[in-house]
Amino acid sequence: MRVATWNINSVKARHERLLGWLERCRPDVLCLQELKVVDEAFPSLAVKALGYDAVVHGQKTYNGVAILSRTPPEDVHVGLGDDVDDPQARLVSARVSGVHIVSAYFPNGGEVGSDKYAYKLRWMQRLRDYLDRRFDARRDQVLLTGDFNVAPEDDDVARPDAWANGVLTHPEVRDALEHVRAFGLQDTFRPFHPRGGVYTWWDYRGRGFERGDGLRIDHHYATPALAARAIGATVDRRERAPSEDINEGPSDHAPVIVEYE
DNA sequence: ATGTCAGGCGTAGCCTGA
């Protein structure tokens, strides 16, 4: 089973890229973030024509997440399902071939100390509570994947000094991610790239991609039995580059693919 | 910190978010 995650940064602005990438890569599951469309505007028919069922939790302008699957998704859950009144569409889950897939778009956090930053930390605690409530890490196969907006280690950052103590690298945020992971998840990407230096996001500003100034903030976290079946992990950097035959620019994120036996 | 994007509003260009 090949699973990909991709923050597409507007499914409208990258319609052709989405379909072209699906055709080329043919993952079994694709988790998307930052759709920036309501459910009705998601190209469900176009992806269906390529063989994918889509589970969509959309939102106008901001956020929006989805799960595309070649086998029918079951047991769909939308949002964190707690008693917090939260209009932001950042999480959807579905069971695919016995695996609980969770597509998540963690809050960016704006600036350290801001209201958005507090929301980010609280959201991550709510995510841990959600996992505790819904799953047993020893019994269930769970794959939490998406744009986590956290670079876990300094070697997940091309210029750690320049990004130090920002919302993507702050020790407080890394601790919050460790708390999510401690539910019983393992990073299934990093073991295939033990020396680090592999990135998934490059800022549009300052030509980050061209300068190699990236961070690894998109992740695949799996429960142990599933993690043990991981046999490879890659970033499709080609999708982050400008394309000559598509009249659409790249997202600021590249797709991250992990294959499970 | 910001040299770029995307969407909303509304039909030009500013504002927000990332």
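Labels below follow one simple rule: chain letters A, B, ... track the order of the sequence lines, proteins then strands, and each chain is numbered from 1. Predicted model, so just to flag it, every value in this text is computed and none were measured.
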* To do: Taking the six-membered ring of A:F183 (Phe, Tyr or Trp), confirm whether the NZ or CZ of A:R128 is under 6.0 Å from its centre and within 45° of its axis.
  =>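 So A:R128 doesn't make the cation-pi contact.
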
So which nucleotide from [options] ends up closest to the side chain of [X]?
| X | options | answer |
| --- | --- | --- |
| A:W163 | B:dC5, B:dA1, B:dA6 | B:dA1 |
| A:S10 | B:dC9, B:dA18, B:dG7 | B:dG7 |
| A:K12 | B:dA6, B:dA18, B:dG7 | B:dG7 |

Starting at [atom1] of [X] and ending at [atom2] of [N], how long is that distance when rounded to a whole Å?
| X | N | atom1 | atom2 | result |
| --- | --- | --- | --- | --- |
| A:R205 | B:dA1 | CZ | P | 11 Å |
| A:D115 | B:dT16 | CG | P | 15 Å |
| A:E248 | B:dG7 | CD | P | 10 Å |
| A:R159 | B:dA1 | CZ | P | 12 Å |
| A:Y62 | B:dG7 | OH | P | 12 Å |
| A:E111 | B:dT2 | CD | P | 11 Å |
| A:Y117 | B:dG17 | OH | P | 19 Å |
| A:N108 | B:dT2 | CG | P | 17 Å |

* Asked: Is the distance from OP1 or OP2 of B:dT16 to the nearest side-chain N or O of A:K116 less than 4.0 Å?
  -> no

* Report yes if at least one side-chain N or O of A:R211 is closer than 4.0 Å to OP1 or OP2 of B:dG3; otherwise report no. => no

* Give a yes or no on this: more than 12 heavy atoms of other residues, nucleotides or ligands lie within 6.0 Å of atom CG of A:D75. =>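 More than 12 heavy atoms, drawn from other residues, nucleotides or ligands, come within 6.0 Å of this atom.
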
* Pairwise 5' ranking along DNA chain B for A:N149 and A:V11, keeping only the more 5' one ->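 Nearer the 5' end of the strand: A:V11.
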
* Relative to the 5' end of DNA chain B, which residue comes earlier, A:K36 or A:D252, by the nucleotide with the nearest heavy atom? -> A:K36

* Asked: Do A:D86 and A:Y119 pass the side-chain hydrogen bond (donor to acceptor under 3.5 Å, both in side chains) test, and can you show the C-alpha distance, the side-chain angles, and the key distance before you say yes or no?
  -> CA-CA 10 Å; A:D86 185 352; A:Y119 172 73; 2.8 Å; yes

* Would you call A:R216-A:D155 a salt bridge at under 4.0 Å N-O? -> no

* Asked: When the P atoms of B:dA1 and B:dA12 are considered, how many whole Å apart are they?
  -> 37 Å

* Asked: Considering only the C1' atoms, how many Å lie between B:dT16 and B:dT2, rounded to the nearest integer?
  -> 16 Å

* To do: Could you check whether A:Y105 gets within reach of a base, just the sugar-phosphate, or nothing at all, counting any heavy atom under 4.0 Å?
  =>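 Touches sugar-phosphate only.
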
* Asked: A:W6 and A:W201: aromatic ring centres closer than 6.0 Å?
  -> no

